Amino acid sequence: MTRDSFLIAFVLVGLALPFRASAESIPVEGGTIDVQYTAHPSPALDKAATQWIKNSAHAVANYYGGIFSVPHLTLRLTLTDGHDTSGGKSFGYQGAVSTVSVGRNATNADFADDWILTHEMMHLAFPNIPDRYLWLEEGLATYCEPVARCRVGILPPEKVWFDLVDRCPEGEPKPGDRGLDHTHTWARTYWGGALFCLRADLEIRRRTNNRFGLEHALRAIHAAGGTIVNNWTIDRVIATGDGATGVPVLRELYDEMKDKPVTVDLPALWKQLGVIRHGETVTFDSNAPLAAIRKAITER
């Protein structure tokens with residue numbers, strides 16, 4: 001089954017689930033979010049979840065220049081046992097819909113650690129592209145989500161850069177892997193895609209003297225109608241993004257990485273950025289050659 005077919009089937013099944021009437025219509029920058037639950041939440045959970053939704057939406061809207069991903073989102077929350085959030089899905093068939101499972105006992109502290117909802121909201125702000133480019137959809141959400149939360153003060157920069165240092169090696173090609181368009185393992189899809197996005201952000205900023213970054217390419221795609229409810233080609237995505245920054249970085253990186261495995265010298269890259277790992281955290285070298293670019297990516 002293709003991804004599009006799966007999503008259509010998922011929507012049809014989801015429409016039959018026992019979601020109750022909208023619990024709340026939450027205004028966000030440039031849109032509204034209608035929240036639905038499978039069962040009545042406790043007042044404490046409802047209050048905490050509402051703030052979590054607002055915080056996640058604000059992070060995404062801030063990343064996109066003050067406009068939320070879509071004018072209207074239906075957010076369906078399935079209540080489960082415990083404290084955790086899990087199982088995020090987003091699709092654009094007959095309107096933007098996201099689903100997340102939420103523990104009945106989740107607290108503000110639990111929601112503060114969640115990345116799933118922001119990740120799903122990032123998906124909403126990008127067009128639906130053919131299955132072979134899923135690495136770009138997931139890579140963008142994986143890379144941009146922590147950056148967006150950092151810029152509104154939810155995450156510290158040290159956490160963002162530690163996770164990149166820790167996880168980006170998973171996106172490097174393994175023996176037998178091909179280019180991103182051809183090797184669709186979990187690691188290459190999520191972290192290979194994130195590594196592409198990191199490289200794009202750094203190179204756009206380097207060539208434009210930090211005047212533009214990846215977010216400017218994504219904002220242009222979004223402004224041109226590139227949201228999850230619309231189908232685009234990969235060439236339209238690249239042309240629109242590169243047109244906004246004035247440098248052909250997306251085209252060059254895509255042509256480099258689409259068909260053949262490309263290994264990035266990550267230790268050298270972290271040194272250039274001034275990111276120094278110490279066990280489970282990092283410190284920063286403000287005198288590193290790309291320190292200004294590193295700072296610009298995660299500064300509020």
Side-chain angles (χ1 to χ4, degrees), residues 59-60 62-65 113 115 118-119 122 135-136 138-174 180 187-188 190-220 241-242 244-257 261-300:
V60 174
N62 179 71
Y63 188 85
Y64 276 88
D113 289 336
W115 57 268
T118 309
H119 181 103
M122 282 289 179
W135 62 265
L136 182 54
E138 294 296 351
L140 283 167
T142 300
Y143 173 72
C144 297
E145 165 267 313
V147 171
R149 290 200 292 147
C150 182
R151 289 184 178 183
V152 295
I154 297 175
L155 289 181
E158 289 82 359
K159 173 62 175 171
V160 177
W161 289 104
F162 171 80
D163 285 347
L164 287 170
V165 170
D166 189 52
R167 303 299 300 275
C168 276
E170 298 181 42
E172 296 273 49
K174 307 298 187 295
L180 291 171
R188 290 285 277 160
Y190 284 81
W191 285 102
L195 189 51
F196 172 93
C197 295
L198 171 62
R199 292 186 68 200
D201 204 359
L202 298 177
E203 187 62 14
I204 291 168
R205 292 177 181 280
R206 188 187 68 80
R207 294 195 196 182
T208 66
N209 196 29
N210 242 347
R211 289 185 299 111
F212 296 107
L214 180 61
E215 70 264 32
H216 296 95
L218 296 178
R219 289 174 187 176
D242 281 345
T245 63
V247 289
V249 169
L250 296 179
R251 170 53 62 187
E252 291 174 6
L253 285 180
Y254 175 66
D255 288 345
E256 177 189 0
M257 300 179 75
V262 175
T263 299
V264 180
D265 187 347
L266 289 173
L269 181 60
W270 308 135
K271 185 174 182 179
Q272 287 281 305
L273 289 165
V275 181
I276 307 164
R277 181 171 183 170
H278 306 277
E280 296 301 307
T281 189
V282 296
T283 57
F284 300 129
D285 176 7
S286 60
N287 295 317
L290 300 182
I293 286 177
R294 182 253 304 151
K295 183 179 179 180
I297 289 174
T298 50
E299 70 180 353
R300 297 183 67 175

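Please read these numbers as outputs of a predicted model, since none were measured by experiment. Residue numbers start at 1 and run along the sequence shown. Every heavy atom of this structure was used, including side-chain atoms; hydrogens, water molecules and symmetry mates were not.
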Between Leu266 and Glu172, is there a side-chain heavy-atom distance shorter than 4.5 Å? yes
Looking at side-chain heavy atoms only, is the closest gap between Val282 and Trp270 below 4.5 Å? no
Please examine the side chains of Val247 and Phe212, heavy atoms only from C-beta on, and report whether any two atoms are closer than 4.5 Å. no
In terms of heavy-atom contacts, Phe162 and Gly279 come closest through CE1-O, 3.4 Å
For Tyr254 and Trp135, take the angle between the two ring planes, folded into 0 to 90°, and tell me which bin it lands in: parallel under 30, tilted 30 to 60, perpendicular over 60. parallel
Candidate pair Leu269 and Leu198, rule side chain to side chain contact (heavy atoms under 4.5 Å, CB included), full reasoning: CA-CA 11 Å; Leu269 181 60; Leu198 171 62; 4.1 Å; yes
Determine the sole option in Glu145, Glu138, Arg149 for which the side chain to side chain donor-acceptor pair (under 3.5 Å) test with His119 is passed. Glu138
On a heavy-atom basis, which atom in Val160 and which in Cys150 lie closest, and how many Å separate them? CG2-CB, 3.7 Å
Distance from Leu195 atom CG to Arg167 atom CZ, nearest 0.5 Å? 13.0 Å
Can you check side chain to side chain contact (heavy atoms under 4.5 Å, CB included) on Thr245 and Arg207, steps first, answer last? CA-CA 10 Å; Thr245 63; Arg207 294 195 196 182; over 6 Å; no
Using a 3.5 Å distance criterion without hydrogens, assess whether the side chain of Asp242 forms a donor-acceptor pair with backbone atoms of Arg251. yes
dist Thr283:OG1 -> Trp161:CH2 (nearest 0.5 Å) comes out at 14.0 Å
Quick one: are Val262 and Leu180 in side-chain contact, heavy atoms under 4.5 Å? no
Can you tell me how far CG of Leu290 sits from NZ of Lys271, rounded to the nearest 0.5 angstrom? 12.5 Å
Looking at Arg188 and Gly171, would you say the former's side chain and the latter's main chain have a donor-acceptor pair under 3.5 Å? yes
Can you list everything that forms a salt bridge (charged side-chain N to carboxylate O under 4.0 Å, His left out) with Arg199? Sequence neighbours excluded, please. Glu256
CD-CE distance between Glu252 and Met257, expressed to the nearest 0.5 angstrom: 13.5 Å
Return the set of residues passing side-chain hydrogen bond (donor to acceptor under 3.5 Å, both in side chains) with Glu215 (not counting sequence neighbours), or none when no residue passes. Arg151, Arg205
Where do Pro173 and Thr263 come nearest, in terms of heavy atoms and distance? CG-OG1, 3.6 Å
Is any side-chain heavy atom of Arg300 less than 4.5 Å from a side-chain heavy atom of Pro157? no
Asp163 versus Pro146: any side-chain heavy-atom pair under 4.5 Å? no
Run Leu140 and Leu214 through side chain to side chain contact (heavy atoms under 4.5 Å, CB included) and show every step you take. CA-CA 10 Å; Leu140 283 167; Leu214 180 61; 4.0 Å; yes
Nearest atoms (heavy-atom pairs only) where Ala244 meets Ala217: CB-CA, 4.4 Å
Output the distance between atom CZ (Phe284) and atom OG1 (Thr298), rounded to the nearest 0.5 Å. 6.0 Å
Spatial distance of atom OG (Ser286) from atom NZ (Lys295) [nearest 0.5 Å]: 9.0 Å
Just jot down the side-chain hydrogen bond (donor to acceptor under 3.5 Å, both in side chains) partners of Tyr143, sequence neighbours excluded, or say none. Asp201
